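Data first, discussion second: the structure below is written as structure tokens.
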2 protein chains.
Amino acid sequence: MVKLSPIVACGTCPIRHNAVCAKCDAEELVILEQAKSYKTLPAGSRLAEAGETLSYFSTIIEGCATISRTLEDGRRQTVGLLLPSDFIGRPGRATSPFDVEALTEVKLCRFERTTFEQLVTDTPHIATRLLTMTLDELDAARDWAVVLGRMTAREKVAAFLVSLARRQAGARGTATAGGRAVVHLPLSREAMSDHLGLTIETTSRQMTALRKDGLIETPTKREIHIPDFDALAFEAAEDDDGGPIV
Amino acid sequence: MVKLSPIVACGTCPIRHNAVCAKCDAEELVILEQAKSYKTLPAGSRLAEAGETLSYFSTIIEGCATISRTLEDGRRQTVGLLLPSDFIGRPGRATSPFDVEALTEVKLCRFERTTFEQLVTDTPHIATRLLTMTLDELDAARDWAVVLGRMTAREKVAAFLVSLARRQAGARGTATAGGRAVVHLPLSREAMSDHLGLTIETTSRQMTALRKDGLIETPTKREIHIPDFDALAFEAAEDDDGGPIV
DNA sequence: CGCGCGCATTGATCGAGATCGACAGGCAAG
DNA sequence: CTTGCCTGTCGATCTCGATCAATGCGCGCG
């Protein structure tokens, strides 16, 4: 029986593989090994284009990418942020209705889409694993809709930093609640604003305001220190369930 | 082999069942028949409360419900709209991070959650079916994030009416594109505003503005006629893929 | 009937965030 | 070094949607 723990270490990749693991199911690994390849792409690469057929599904090993849509008049909204261990691909679907774009250089562990699909068909319990991942993404997307629909600019920025801190802390296995936290911003102010539904000026102003209020420190533009994590989380107007938001 | 078509007619319910069908897999039906029950609940009923354990998963047969979150200070954001044939339940999870509330009287076809979970475990290809549904929900949630993040009040209202018209037309099997369309609003102005991330006043004003511009007609408050569907869709600033948005 | 109540609409005003403009710092090319 | 470009920050002003408030309207009920 395959393990369904959220992070599955694999002999080859340092990061979880979302479907298979050498330790639990050798046969599945064989199927995917022959279709697996590593690839590094520079910042700005289109990992997927809305409507275009994907050749590969991938796990992000390093770097950061966004899922976004651009309207005809240029307005852009990011609807998802992809960090290491996140999966790019929609089992059962060859295309995506959104663009996926690398914000930084990204290292990918790729699988040929058709082979991956075949694996899902042949070993149906893997669909259960993918279902769990998709439900997590759905929760995250809906959480973010609350931020987009009902929060002020200050709350949006705070919520973003808090959620990013949680995800990065989770990846490093360090704790966040209570004390200090450090966030590395893999996004430009523009990319942040696209995610928050704000302009870059407003995002910039809110960052300055949070700094002046002592809620964050900015040694460099891309590095954020959070002296009191709970205080920043309070600014984000979080409700009862303190789960991750991005 | 179970059919994976989007609508699966069942001998008992008039609406698709998302997992089983008498015509394709008798054994699965037996498992669920013993756990199946019909229930009608009045408007305002809580079908699920954030964090509370669900006893049943359900398919909506008639009526309308929302998936929403309420912040401590009272701000509310609807993150999903449930119409007939939609499914309430998260396979593999006993709780939901959001509230599900009936906006109108709803007729449900319910399954005991534990029995349903057992069915998913025992017949793994059903997980594939559920994965497809969840990916659709994810797309819809992200589509709506674009509306919440980057659209004006007028565009939000237009986008909502257009998406509702598409869903209702799809349920009735009537065409929309090109000509007239009729929408029945199952929501109050307040519920609409919660969904759109607006206040009721702004929603109301935009409705009158659309009426004065001849884009909609409002014989009653809950009935909307769309004389030129494409013209309204244009107001919604739709981009390339004209898929459903809610 | 009149009354109260809930929902929707409309008006007047306010303010948060967008917009427009200017400037500073970093950095690569010349 | 200067020049140009890109990103980020900050100021001034405008505007869209929120807020506060009043009115209309349908409906059940005493």
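Basis for what follows: all heavy atoms, side chains included, without hydrogens, waters or symmetry-related copies. The model shown is predicted, which means the values in this text are computed figures rather than measured ones.
The cationic group of A:Arg69 lies under 6.0 Å from the six-membered ring centre of A:Phe98 and within 45° of the ring axis, placing it in a cation-pi geometry. Note that A:Arg110 lies in the cation-pi zone of A:Tyr56, set by a 6.0 Å cut-off to the ring centre and a 45° limit from the axis.
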- line: Letter by letter from the 5' end, nucleotides 8-20 of chain D scores (B base, S sugar-phosphate only, - none; protein heavy atoms under 4.0 Å) SSBBB----SSBB
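For the pair A:Arg46 and A:Asp99, the salt-bridge criterion is met [side-chain N within less than 4.0 Å of a carboxylate O]. By the 4.0 Å N-to-carboxylate-O rule, B:Glu235 lies too far from B:Lys156 to be salt-bridged with it. Here A:Glu155 pairs with B:Arg75 in a salt bridge; the nearest charged N to carboxylate O distance falls below 4.0 Å.
A nucleotide of DNA chain C counts as in contact with chain A when one of its atoms lies under 4.0 Å from a heavy atom; the first and last such, 5' to 3', are C:dG17 to C:dC20.
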message: Pair A:Thr78, A:Thr66 - check side chain to side chain donor-acceptor pair (under 3.5 Å), show working.
response: CA-CA 6 Å; A:Thr78 298; A:Thr66 57; 4.7 Å; no
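Summarising the geometry, the separation between CG on A:Leu103 and P on D:dT7 is reported as 13 Å, rounded to the nearest angstrom.
Heavy-atom minimum distance, A:Leu81 versus A:Cys64: CD1-SG, 3.8 Å.
A:Arg211 and A:Thr218 are linked by a side-chain donor-acceptor pair at a separation below 3.5 angstrom, with hydrogens and angles left out of the test.
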